[in-house]
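Everything on this sheet refers to the single structure shown next.
Chain letters run A, B, ... following the sequence lines, proteins first, then strands; residues in each count from 1.
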There are 2 protein chains.
Amino acid sequence: MSSTSDGKAISRATIADVAERAGVSIATVSRVINETGPVAEDTAAQVWSAIAELKYRPSAAAKGLASRRTHTLGFLVSEISAPFFTPLLRGIEGGTRESGYSLLIHAIQEIEPAVTGAFRRPLGEHNTDGLLVFAGCLEDVELAYLYKLGFPLVLLHQTPPNDLAIPYVTFENKSGARKLVDHLIEVHDYRRIAFLRGPEDQEDSYWRELGYREALEAHDIPFDPALVAVGGFNEKLAQIPVRTWLEQGTAIDAIFAGDDEAAVGVISALQQAGQRVPEDIAVVGFDDVHLYHYMLPPLTTVHAPVEQAGREATVQLLQLIQTGQAQPLVLLPTEMVIRRSCGCE
Amino acid sequence: MSSTSDGKAISRATIADVAERAGVSIATVSRVINETGPVAEDTAAQVWSAIAELKYRPSAAAKGLASRRTHTLGFLVSEISAPFFTPLLRGIEGGTRESGYSLLIHAIQEIEPAVTGAFRRPLGEHNTDGLLVFAGCLEDVELAYLYKLGFPLVLLHQTPPNDLAIPYVTFENKSGARKLVDHLIEVHDYRRIAFLRGPEDQEDSYWRELGYREALEAHDIPFDPALVAVGGFNEKLAQIPVRTWLEQGTAIDAIFAGDDEAAVGVISALQQAGQRVPEDIAVVGFDDVHLYHYMLPPLTTVHAPVEQAGREATVQLLQLIQTGQAQPLVLLPTEMVIRRSCGCE
DNA sequence: CTGAAAGCGCTTACAG
DNA sequence: CTGAAAGCGCTTACAG
């Protein structure tokens with residue numbers, strides 16, 4: 001009715017504008033928007049139409065300041081292009097979206113010293129209601145500080161430091177590795193099986209190695225330190241120990257590369273050296289997240305439910321935010337995926 | 001000095017706490033933090049140490065409300081697991097991080113009708129300072145509304161609708177496709193070259209087809225509609241027309257699959273039907289973003305600088321936010337990557 | 001069912 | 001160089 005009703009409005013409406021147009025108080029507008037407290041049907045209808053006419057959208061900042069809730073989750077990662085980043089993010093984004101929360105993501109470049117870095121944190125209590133922290137993305141002191149603050153946190157692929165009761169989500173790395181190596185031994189009768197470790201502080205790698213060792217032990221195969229090297233969960237790095245083994249003439253039946261990326265590197269190195277995979281040396285990976293099934297030979301690996309991990313972590317974080325409680329540990333099952341690089345078919 | 005200086009503090013400090021501890025006003029604290037206005041060296045030092053002691057972090061909400069700036073960029077995507085999503089996001093995240101902004105990302109599920117959806121937008125003027133919009137993720141009316149509001153927007157892989165002067169970033173699809181098809185014709189002497197379109201509304205696909213047609217025309221090869229079908233930039237979908245061609249016995253020398261994903265599908269379909277690639281039929285893709293170089297045969301394609309596109313879009317958006325100006329169009333160069341699926345080597 | 005008012009934690013003219 | 005105070009746009013007891 002008024003002269004501004006024809007879509008010519010150029011500035012943003014506030015709750016006061018809506019209240020005025022609807023002929024109610026801002027408290028009432030707030031009530032209908034948030035469904036907090038009773039409102040007469042007519043009143044609500046008027047408010048909604050005022051909102052539509054003015055194209056009103058509540059300011060997230062004002063709402064956040066007044067309610068002390070940002071309605072935003074944060075995701076702290078390191079390498080944004082890591083192999084499982086895409087499905088992980090998809091899970092997190094999906095869970096966040098469904099809950100109506102917003103998602104702030106930040107890829108750390110390097111961990112800055114806690115002293116200088118404390119003030120300029122990209123993600124924290126100052127801009128989110130809770131944080132999903134990927135392994136190694138936050139120093140222990142910061143983790144401890146946020147925890148003491150009662151700030152909701154969920155860790156991905158990392159056990160909480162010290163005695164902090166921070167929930168965490170990860171895969172069944174050990175049993176996955178165990179099954180995989182069992183397969184190599186039992187089905188293919190390999191006995192000289194090498195293992196490539198991931199980066200230093202990688203817990204996943206630690207558990208995979210444990211599974212590997214358990215499998216050897218269960219089959220009375222002595223553990224040979226000469227068959228363990230660092231592949232760094234990385235294509236390039238993984239090629240180095242393989243070349244060394246080849247040069248030294250180390251007898252090897254199969255290589256458990258630690259993860260798929262390393263497996264790709266291993267296969268390349270092997271093929272470049274004239275070795276046939278799997279005929280001469282078999283190779284297996286872990287994760288099954290890439291499109292490595294197009295490789296030749298198709299990669300035998302262990303499927304890790306990465307997307308589900310992201311979703312589950314989000315669910316736990318939301319629960320922590322809303323109820324103050326969450327599962328201390330979510331361990332997601334892994335599953336062996338047999339293709340051809342192990343020697344099958 | 002006071003009894004709360006021993007790290008036992010459990011609640012968050014505000015600017016008032018810092019001011020009190022430093023013995024100054026909150027205005028001064030604000031000035032030292034934001035380096036806005038002159039402050040005596042001593043005063044600043046005291047403020048900084050109060051900040052450190054209290055582990056103070058300014059509330060993003062309060063800051064945003066008071067300054068009318070969220071210092072946050074939004075990224076609106078559709079399919080978070082699309083092939084070029086990872087590098088695109090990496091570029092965006094990198095650009096955002098370096099500028100000190102935060103990044104809010106949202107994967108739309110489906111475009112909701114503008115009427116009902118207007119109020120509950122995940123990303124907009126209410127929570128960001130500007131938006132990076134991937135092709136097709138925002139309806140024209142919403143785009144027009146935000147534009148009229150003077151809200152900073154940058155489009156990715158989409159030309160702005162109507163006459164809106166919204167900057168956009170995309171690749172040189174046409175010339176990339178042109179060079180690729182030229183190669184097939186000139187080097188390999190193929191003349192029956194098929195083309196697989198992407199999804200309906202995909203502008204990239206449109207330009208690639210144009211490059212394809214130009215190449216044919218330049219070499220006096222008549223355009224044959226029977227050699228064009230829909231591959232949907234998708235592995236599964238791309239297999240369908242290939243099977244049809246094979247069944248019908250259509251003579252084909254090479255297939256330009258539209259993008260890499262479709263190329264993978266095409267190669268599978270071909271190999272399953274007993275055709276050799278590239279001996280019987282050559283296949284080429286576009287994007288070069290996946291790890292398809294591990295495929296056999298390694299895929300000949302056109303490299304698209306996806307990460308750079310993300311970064312460039314971010315740069316333009318920041319510029320738009322800060323200066324009100326941006327380049328209307330950023331066209332990033334593509335480059336042919338010859339591997340083996342085209343018949344080379 | 002509704003409104004007046006305080007307050008969330010900052011920034012920003014305005015004085016001095 | 002510094003401070004007092006208004007105001008950003010909401011939510012939330014508190015009254016009625």
Spacing between [X] atom [atom1] and [N] atom [atom2], to the nearest angstrom:
| X | N | atom1 | atom2 | result |
| --- | --- | --- | --- | --- |
| B:Ile33 | C:dC10 | CD1 | P | 7 Å |
| B:Ile51 | C:dC10 | CD1 | P | 10 Å |
| B:Glu35 | D:dC1 | CD | P | 14 Å |

Which protein N or O atoms sit under 3.5 Å from an N or O of nucleotides 5-9 of chain D?
unit_1, atom_1, unit_2, atom_2, d
D:dC8, O3', B:Arg68, NH2, 3.3
D:dC8, O2, B:Ala66, N, 3.4
D:dG9, N2, A:Ala62, O, 3.4

With a 4.0 Å cut-off on N to O distance, would you call [X] and [Y] a salt bridge?
| X | Y | result |
| --- | --- | --- |
| B:Arg311 | B:Glu98 | yes |
| A:Arg121 | A:Glu139 | yes |
| A:Glu142 | B:Arg57 | yes |

Tell me, which pairs form a side chain to side chain donor-acceptor pair (under 3.5 Å) where one or both residues lie in residues 152-162 of chain A, sequence neighbours left out?
A:His157-A:Thr170, A:His157-A:Asp204, A:Thr159-A:Glu203
Under 4.0 Å between a side-chain N or O of A:Ser30 and OP1 or OP2 of D:dC10?
no
Should B:Thr28 be listed as having a side-chain N or O under 4.0 Å from OP1 or OP2 of D:dG3?
yes
Separation of B:Leu131 CG from B:Leu73 CG (nearest 0.5 Å):
8.5 Å
For A:Phe151, enumerate each residue passing the ring-ring contact (aromatic ring centres under 6.0 Å, His included) test, keeping only those at least two apart in sequence or located in another chain.
none
Can you sort out the partners of A:Ser102 under side chain to side chain donor-acceptor pair (under 3.5 Å), two or more places apart, ordered by chain and number?
none
Verify the distance criterion only: is there a donor paired with an acceptor across the side chains of A:Asn34 and A:Lys63 at less than 3.5 Å?
yes
Can you see whether B:Thr86 engages A:Thr86 through a side-chain donor-acceptor pair at a distance of less than 3.5 angstrom?
yes
Distances under 3.5 Å only, N/O to N/O: pair up the protein atoms with those of nucleotides 14-16 of chain D.
none

Nearest heavy-atom neighbours spanning B:Cys137 and B:Ile108:
CA-CD1, 3.7 Å
By nearest-heavy-atom nucleotide on DNA chain C, the more 5' of A:Ala40 and B:Val29 is A:Ala40
Answer yes or no: does atom CD of B:Gln319 have more than 12 heavy-atom neighbours from other residues, nucleotides or ligands under 6.0 Å?
yes
Using a 4.0 Å heavy-atom cut-off across all strands, classify B:Thr43 as base, sugar-phosphate, or nothing.
sugar-phosphate
What stems, by residue range, does DNA chain D take part in, given at least 3 consecutive Watson-Crick or G-U pairs under 3.5 Å?
C:1-3 with D:14-16, C:5-12 with D:5-12, C:14-16 with D:1-3
